[in-house]
Amino acid sequence: MANFSKPRVPRFSAEVYQNTHLPEGGREVNAIVTVTATGGGTTGETPVAGFASPSPSGVSPAAAPDAAVVIMVDSSGSMEYPPVKMRNARDATAAAIDTLRDGVAFAVVSGTHQAKEIYPGGGRLAVADATTRGQAKEALRKISASGGTAIGTWLRLADKLLASSDAAIRHGILLTDGRNEHEGPKELLATLEACAGRFTCDARGVGTDWEVKEVTGIASALLGTADIVADPAGLAADFTGMMESVMGKEIADVSLRLWTPLGAEVRFVKQVAPTVEDLTGRRTEAGPRAGDYPTGSWGDESRDYHVCVRVPHAEVGQEMLAARVSLVLPAPGGSPPQVLAQGLVRAVWTDDLAASTAINEQVAHYTGQAELARVIQQGLELRKSGDLDGATAKLGRAVQLASRSGNDDTAKLLAKVVDVVDAAAGTVRLKAKVSAEAQMTLETRSTKTVRVKK
């Protein structure tokens with residue numbers, strides 16, 4: 001049943017965790033900023049710009065959806081091997097369609113070396129209700145496996161379809177089972193650069209014949225999630241979960257704004273939970289000494305960001321504001337953005353050795369988690385290239401970091417690639433035989449992190 005009440009504005013908060021003390025001559029300030037959005041849902045409250053909302057004319061959500069979703073299903077020839085793969089993909093897409101809320105705009109795209117809109121057709125989006133959901137599931141019968149793979153064409157069609165909607169949340173779901181063989185890397189990169197900021201996208205690889213870096217690169221560029229579904233039988237549950245997550249989003253286009261004083265410079269900004277994502281290169285200038293870093297769309301959730309700022313030289317006893325971190329939402333018509341939450345990063349110079357050398361627990365934890373992701377990827381690359389000693393060292397360090405931080409899920413994935421002799425010391429032996437599924441799962445999920453143990 002369609003929900004005709006107005007969505008409630010989520011409340012944002014920002015908490016800063018850091019050691020504010022620097023030694024004499026110290027210039028690098030690190031802080032973890034925990035951003036939490038709560039209170040999503042529906043009430044009679046008036047929404048604000050950028051939040052999912054009904055039409056200002058008072059038309060029901062069925063005519064003015066607050067979200068738009070395009071599902072892109074790989075239907076290249078390889079999807080018929082084995083035949084159950086294509087059947088599972090259709091079933092998964094049908095399950096995702098059933099999860100759509102009434103009033104959400106949607107379309108289904110079949111992807112080969114070209115992109116074809118299977119439903120509703122005509123370069124438009126349908127509006128979800130019992131009738132259109134049924135029609136869309138019937139249209140899935142039209143999808144048959146043939147042709148090659150050019151993922152950029154799928155994304156460009158999704159972008160065109162989503163651009164036709166004024167929905168606050170624009171999202172894509174992409175499934176592939178193979179490598180992007182009918183399109184060059186530069187073409188795909190150009191497409192991702194063109195689509196970045198226009199919609200978010202979750203990407204999934206089914207089976208073990210696809211390229212991890214292609215799938216994770218799509219999700220990274222479009223601020224979505226990436227994962228492997230090694231067994232096609234698991235697609236329906238995965239697609240349902242993805243769509244439920246999209247349906248829980250309440251606000252889009254939120255940016256992390258970092259203001260620094262004269263003489264200070266931002267070294268990096270990274271999302272560190274629930275996954276590691278370097279946002280440094282995505283900065284857009286936002287006025288004097290301020291820059292915006294995209295965070296995508298939000299529901300009821302919490303994320304952590306690692307901010308590193310290089311500050312000017314100062315004497316012992318001095319203190320300064322090293323950075324002001326704000327969550328901002330663009331306002332229409334060139335009006336000043338709405339500030340949703342704010343936190344302060346400080347620097348205090350001291351000659352107290354104990355104070356200046358203490359490492360904040362949150363900063364230490366996420367520094368380790370970022371290193372964990374990095375050494376897993378390096379270790380797997382070294383293993384592929386035949387450098388077994390280098391791979392053993394890197395993956396041993398990964399086991400040590402996973403054990404130290406309590407990242408049990410990653411530790412279990414590592415144990416399928418190496419035999420662990422001493423987790424605390426990082427002593428391991430490479431397994432002689434490792435399945436493609438085990439290696440690809442570890443690589444795909446290497447950036448997933450855990451929060452600090454309480």
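FYI, the numbering just counts along the sequence from 1. The model shown is predicted, which means the values in this text are computed figures rather than measured ones.
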Q. With a 4.5 Å heavy-atom cut-off, do L125 and S164 have their side chains touching?
A. yes
(Q) Side chains of T447 and T275: any donor to acceptor distance under 3.5 Å? (A) no
**Q.** Crowding at NZ, K394 (>12 non-hydrogen neighbours, <6.0 Å)
**A.** no
Q | Test salt bridge (Lys or Arg N to Asp or Glu O under 4.0 Å) applied to R179 - qualifying residues, sequence neighbours left out | A | E211
(Q) Under a plain distance cut-off of 3.5 Å, with no hydrogens placed, do E244 and T240 share a side-chain donor-acceptor pair? (A) no
Q. Ring centroid separation for F106 and Y119, is it under 6.0 angstrom?
A. yes
Q. Under 3.5 Å, is there a donor-acceptor pair between the side chain of R257 and the main chain of V328?
A. no
Q: Identify, with sequence neighbours excluded, every residue that meets ring pair (Phe, Tyr, Trp, His ring centres under 6.0 Å) alongside W298.
A: F12
Q.
Salt bridge or not between D409 and K448? Use side-chain N to carboxylate O under 4.0 Å.
A. no
Q) S220 and E277: side-chain donor and acceptor closer than 3.5 Å? A) yes
Q. Is a side-chain N or O of T444 found less than 3.5 angstrom from the main chain of D227, in a donor-acceptor match?
A. no
Q. With a 4.5 Å heavy-atom cut-off, do L161 and V109 have their side chains touching?
A. yes
Q. Should V206 and P232 count as side-chain neighbours, where that means a heavy-atom distance under 4.5 Å?
A. yes
Q.
When you measure from the side chain of E361 to the backbone of H365, do you find a donor-acceptor pair of N or O atoms at a distance under 3.5 Å?
A. no
**Q.** Residue pair Q377 / S446, side-chain donor-acceptor N/O under 3.5 Å
**A.** yes
(Q) Any donor-acceptor pair under 3.5 Å linking the side-chain atoms of T132 with those of D129? (A) yes
Q) After noting the C-alpha distance and the side-chain angles of E437 and K416, does the key distance pass the salt bridge (charged side-chain N to carboxylate O under 4.0 Å, His left out) rule? A) CA-CA 10 Å; E437 177 184 342; K416 295 181 179 181; 5.9 Å; no
(Q) Are F199 and H171 an aromatic pair, judged by ring center distance below 6.0 Å? (A) no
Q. Between E381 and R383, does at least one N-O distance fall below 4.0 Å, as a salt bridge requires?
A. no
Q: Report the residues that fulfil salt bridge (Lys or Arg N to Asp or Glu O under 4.0 Å) with K116, sequence neighbours left out, ordered by chain and then residue number.
A: none
Q) In this structure, are over 12 heavy atoms from other groups packed under 6.0 Å from K431 atom NZ? A) yes
Q: Identify the heavy atoms of V428 and V420 that sit nearest to each other, and give their distance.
A: CG1-CA, 4.2 Å
**Q.** D74 side chain vs D177 backbone, donor-acceptor pair below 3.5 Å
**A.** yes
(Q) Under a plain distance cut-off of 3.5 Å, with no hydrogens placed, do T38 and D300 share a side-chain donor-acceptor pair? (A) no
Q) Is any NZ, NE, NH1 or NH2 atom of the basic residue among R156 and E187 found under 4.0 Å from an Asp or Glu carboxylate oxygen of the other? A) no
Q | Flag side-chain contact, heavy atom, 4.5 Å: L372 against N407 | A | yes
Q.
Could you tell me if the side chain of R429 sits less than 4.5 Å from the side chain of T392, heavy atoms only?
A. no
Q. Taking atom types as modelled and ignoring hydrogens, do the side chains of Y293 and R282 form a donor-acceptor contact shorter than 3.5 angstrom?
A. no
Q) Is the closest basic N to carboxylate O distance between D159 and R198 below 4.0 Å? A) yes
**Q.** V307 vs V266, side-chain contact (heavy atoms from CB on, under 4.5 Å): CA-CA, chis, key distance, verdict
**A.** CA-CA 8 Å; V307 172; V266 178; 5.5 Å; no
Q | NZ/NE/NH1/NH2 to OD/OE distance under 4.0 Å, K249 and E301 | A | yes
Q. Does a salt bridge link E138 with R133, judged by any charged N lying under 4.0 Å from a carboxylate O?
A. no
**Q.** Donor-acceptor contact below 3.5 Å, side chain Q338 vs main chain L329
**A.** no
Q.
Please tell me whether D278 and T280 have a donor and an acceptor in their side chains that are separated by less than 3.5 angstrom.
A. yes
Q) Considering only heavy atoms from C-beta outward, does the side chain of S245 approach that of M242 to under 4.5 Å? A) no
Q) Where the side chain of D292 meets the backbone of A286, is there a donor-acceptor pair that is under 3.5 Å apart? A) no
(Q) Can you tell me if Y81 has over 12 outside heavy atoms packed within less than 6.0 Å of its OH? (A) no
Q) Backbone N or O of A150 within a donor-acceptor pair of the T153 side chain at under 3.5 Å? A) yes
(Q) If the threshold is 4.0 Å, N to carboxylate O, is there a salt bridge linking K213 and E443? (A) yes
Q: First locate atom NE2 of H113, then atom CG of N180, and finally report the distance between them rounded to the nearest 0.5 Å.
A: 13.0 Å
Q | Heavy-atom side-chain contact between E193 and L189 under 4.5 Å | A | yes
Q) Taking S302 for the side chain and V35 for the main chain, is one N or O donor matched with an acceptor at less than 3.5 Å? A) yes
**Q.** Test item: S403 side-chain N/O and A423 main-chain N/O as donor-acceptor pair under 3.5 Å
**A.** no
**Q.** Close side-chain approach of I228 and R445, heavy atoms under 4.5 Å
**A.** yes
Q. Could R101 and D66 be called an ion pair, given the rule that one side-chain N must be under 4.0 Å from one carboxylate O?
A. yes
**Q.** Side-chain (Q369) to main-chain (V450) donor-acceptor, under 3.5 angstrom
**A.** yes
